[in-house]
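Report on the following structure.
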Amino acid sequence: MAEPPHEHPASDTPGPTPTPGPAARPLNFIEQIIEQDIAHARWGLTGTTGLGTPRGVHTRFPPEPNGYLHIGHAKSICLNYSLAKKYHGRFNLRFDDTNPSKEEQRYVDGIKADVSWLTEPLGGGFAHGPHAGGLFLASSYFEQMEEFAKELIKKGKAYACQLTADEVAARRGTPAVPATSPYRDRPPEESMRLFREMKAGKHPDGSLTLRARIDLASPNFNLRDPVMYRVLHAHHHSTADKWCIYPMYDWAHGIEDSLEQITHSICTLEFENHRPLYDWFIDAINEGRTPDGSGPWGTTIWHSRQVEFAKLQLTYTVLSKRNLLKMVQTGAVAGWDDPRMPTLCGIRRRGVPPEAIHLLCEDVGVTKFDSVIDIARFENATRTVLNKSAPRAMCVLDPLRVVIDNWPAGRVEDVEFVINPEDPSSGKRTLPFTGELFIEREDFMPEPSKGFHRLAPGAQVRLRWAYFITCTGFETGPDGKVNLVRCTYDPATRGGNAPPGADALTNKKVKGTLHWISAHHTITGHVRLFDRLFNAEAPGERTGNWADDLTPDSIKVCTGCKLDPILADAPVGQAFQFERLGYFTIDPDSRPGALLLNRTITLKESTPEKPKAAVRTYTPAEAAHELKIKQDKLPALIDAAGPAGFAERNPHHLTLDEVRALRQWLKANPPAKG
RNA sequence: AGGGGUAUAGUGUAACGGUAGCACAACUGACUCUGACUCAGUUAGUCUAGGUUCAAAUCCUAGUACCCCUGCCA
């Protein structure tokens, strides 16, 4: 495994960027780094060859199996897989299973399924396809890691430390005061003996660690002699009871990447502070090693390059395994795969196709800047994909009976129905039309409001693909609710086509088009409608507890829905667009005769009345942030700049215009220095 | 406080010393057998202050704001 001399990123000089090919979009910063690496032939990259000759970019997704994956992880998976695909390489799935006290086999299984689901439309995944790198377990490297650890002990670069966790914390020091350990100058032989005893199970949990001997005074606390191994008598989901010492992330992770010869080790921003440590460990192992194996310690090991990017954050969403787990445990949701959850299994059950996640990731890009993505972008990506792919169906969620008085008794007519107007290859099917139908209750108003152009007494509307009907009256039940609408149909409008108007030149127009279903040709079922799980942009920001921002009724079940008969044979997960209602999918709990559907997302809706202008408002905290001042200086600024009417308003949220005015004022009246 | 990062329209991102562009959102309008889709147009931006330069988002200096780091978690 010849590997070129590792160059630290700091030594990089901007090289000529190779022709990027047909660039649909500019390269993101990671692609730029990779193309420079190719230009300099680092890691043996040539960029022009196929797989492994000598090699392309090799990436990996390294989850800890201590929970289910969420949409934040999806960004990392898409990034890693896409880079391997774009640069003729491979993609590994590797479980970073170094802490058995938190990990479970069911999470391993769930994560494998989620990653496969997500990467499948990209042409494969970790297990199959042209870029499959394979499935790996950190725990299968434990023996090798142990050997490396012993090597560092012999080199005087690691030592056994008998400080307890509390003592280590107490001796951690401060930026100005170095940490201390009375054991760091212990002879290597003694450390070796203790390390062997640790492994042999002769020491209780927490009594002993192996620590790297780096720098107790480093301003980077990760370098203050970090723990490499701890004693932990715990059952491991993969290695069972074979080990009672487990490596720490910092020690293990770089070795895992090295053993798999990962070229670019992509991770999130919070690991930036760990990169020097990652590099230190590999360099320490390589001290005394040579590329040809002639050195005293053998052949040099692989040194991957770590690159950090900003993780995905979404408004109205909680994205941390800890909080997600708590939501499940407290019953805030029905489980990890509740369709309201941002987990990949929840999103999948909700009916979102993986392509929507790919589209979102392309949309938001890859940078090092912490940003929060508006959840609406994800919703829009979902609509965009489903609009192109979902067959249409005619379903009525809240049925209202319509009788067509001039329809010949008992007559059934098949009307042609375009399965997906956005996809000509999908073709047509037929739908039975009769004199007794259901329409959506909200599509009829006895006394129509202004701008309502659906059904009302005397009004004419089109029934999609069928006929124009005119309302001649309605009946109400004892409760005063409308329970029947009477209409006549116009035979000249068969197929829903508008007949020539009075002048025989312009077609007669009708404003509204309604969806419908024949009362005698429908199946009933339940449909679940979801609202956002949280009703605050940043759940928990207000009170410190996300539970305070839970939407009270974020799930609504419609019973007795009148569904298109085509749904009877649809498989679980099949997506449909219910005309004018949104996108829906069959839930796994659905049964023949007891259909259950989930609404994935509504259609985009512009309201009939003049939509009220959505004015962006700022909380005091947001305004201060926007103006780059401390929040406590905001009141004084407002007093000084005085946006009209602000003082009378409650709550004291600022409008966009007011924030702009304050910014202008600040520009004209810069704060005094000091 | 020390260290590590990041600042470009409302939001997300390009521009690599040479015309600040794109997408989403918003707003106008057109089209429409889904109040969907599609299409056209409008509004709006380089954190601040100095400096270098014919020319600065970009280079230099000094500030400001935000994120990460003091687990035997990852």
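For the numbers below, each heavy atom of this structure counts, side chains included, while hydrogens, waters and symmetry mates do not. We name chains A, B, ... by the order of the sequence lines, and we start the count at 1 in each one.
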*Of all the nucleotides listed (B:C73, B:G12, B:G35), which has the minimum atom distance to the side chain of A:Met248?*
B:C73

*Identify whether any heavy atom of A:Thr367 sits under 4.0 Å from a base atom; if not, whether one sits that close to sugar-phosphate; answer base, sugar-phosphate or nothing.*
sugar-phosphate

*Is the distance between the ring centroids of A:Phe271 and A:Tyr249 less than 6.0 Å?*
yes

_Interatomic distance where CZ belongs to A:Arg377 and P belongs to B:G12 [whole Å]_ = 8 Å

*Look at all strands and tell whether A:Thr315 reaches a base, only sugar-phosphate, or nothing, counting heavy atoms closer than 4.0 Å.*
nothing

*Intra- and interstrand pairs of RNA chain B - dot-bracket, Watson-Crick/G-U under 3.5 Å, | marks other strand*: .((((((..((((....[..)))).(((((.......)))))....(((((..]....))))))))))).....

*Spacing of A:Asn380 atom CG relative to B:U11 atom P, expressed in whole Å*: 17 Å

*Would you call A:Lys102 and A:Glu64 a salt bridge, using N to O less than 4.0 angstrom?*
no

*side-chain contact (heavy atoms from CB on, under 4.5 Å) partners of A:Phe444, counting only residues at least two apart*: A:Leu400, A:Ile439, A:Pro446, A:Leu455, A:Pro457, A:Cys471, A:Phe474, A:Val482, A:Val485

_Separation of B:G71 P from A:Arg224 CZ (nearest whole Å)_ = 11 Å

*Does A:Lys511 put a side-chain nitrogen or oxygen below 4.0 Å from OP1 or OP2 of B:U32?*
no

*For B:A40 versus B:C54, give the span between their C1' atoms, rounded off to a whole number of Å.*
40 Å

*Using atom P of each nucleotide, how far apart are B:A57 and B:A7 to the nearest Å?*
16 Å

*Does NZ or CZ of A:Arg275 fall inside the cone over A:Tyr278's six-membered ring, less than 6.0 Å from its centre and within 45° of the axis?*
no

*asked:* I want to verify the glycosidic state of B:G41; is it syn or anti under the 90° rule?
replied: anti

*Between atom CD in A:Glu270 and atom P in B:C73, what is the gap in whole Å?*
17 Å

*Can you tell me the distance, in whole Å, between the CG atom of A:Asn420 and the C1' atom of B:U38?*
14 Å

*Would you call A:Lys368-A:Glu272 a salt bridge at under 4.0 Å N-O?*
yes

*Would you say a side-chain N or O of A:Thr513 is under 4.0 Å from OP1 or OP2 of B:U34?*
no

_Closest-nucleotide mapping onto RNA chain B: is A:Leu163 or A:Tyr583 further toward the 5' terminus? I mean the 5' end._
A:Tyr583

_Give me the distance, rounded to whole Å, that separates B:G17 from B:G2 when you measure between the C1' atoms they each carry._
35 Å

*Taking for each residue the nucleotide of RNA chain B with the nearest heavy atom, is it A:Asp96 or A:Glu579 whose nucleotide lies nearer the 5' end?*
A:Glu579

*Taking the P atom of each, how far is B:A9 from B:U58, in whole Å?*
15 Å

*Do A:Arg25 and A:Glu362 meet the salt-bridge criterion of a basic N to acidic O distance under 4.0 Å?*
yes

*How would nucleotides 2-7 of chain B be written as a contact map, 5' to 3', with B for base contact, S for sugar-phosphate-only contact and - for no contact, using protein heavy atoms under 4.0 Å?*
BBSSS-

*asked:* Can you see if the side chain of A:Arg580 gets near the phosphate of B:G35 - specifically, an N or O under 4.0 Å from OP1 or OP2?
replied: yes

*What is the nucleic acid contact for A:Gln577, judged by heavy atoms within less than 4.0 Å: base, sugar-phosphate only, or nothing?*
base

*Under-3.5 Å donor-acceptor pair between A:Gln32 side chain and B:C16 base*: yes

*asked:* Do A:Arg429 and A:Phe417 form a cation-pi contact, if we require the NZ or CZ to be under 6.0 Å from the six-membered ring centre and within 45 degrees of the ring's axis?
replied: yes

_Any side-chain donor near an acceptor of the partner, A:Asn380 and A:Arg377, under 3.5 Å_ = no

*asked:* By the 4.0 Å heavy-atom rule, please label A:Val372 as base, sugar-phosphate, or nothing.
replied: sugar-phosphate

_With no hydrogens and no angle check, just 3.5 Å: does a side-chain donor-acceptor pair link A:Arg171 and A:Thr180?_
yes

*Closest nucleotide among B:A74, B:C72, B:G12 to the A:Tyr249 side chain*: B:A74

*Heavy-atom pair of closest approach, residues A:Ala575 and A:Pro391*: O-CD, 3.4 Å

*asked:* Taking any heavy-atom pair under 4.0 Å as a contact, classify A:Gly173: base, sugar-phosphate, or nothing.
replied: base

*Classify the nucleic acid contact of A:His274 as base, sugar-phosphate or nothing, counting any heavy atom under 4.0 Å across all strands shown.*
base

_Mind checking if A:Gly206 touches a base, just sugar-phosphate, or nothing, with heavy atoms under 4.0 Å?_
base

*Of all the nucleotides listed (B:G12, B:G35, B:A74), which has the minimum atom distance to the side chain of A:Arg230?*
B:A74

*Given the rule in the ring pair (Phe, Tyr, Trp, His ring centres under 6.0 Å) test, do A:Trp465 and A:Phe433 qualify, once you have shown the distances and angles that lead to the verdict?*
CA-CA 10 Å; A:Trp465 306 121; A:Phe433 185 90; over 10 Å; no

*Would you say a side-chain N or O of A:Lys604 is under 4.0 Å from OP1 or OP2 of B:G35?*
no

*Can a side chain N or O of A:Arg172 be found less than 4.0 Å away from OP1 or OP2 on B:C72?*
yes

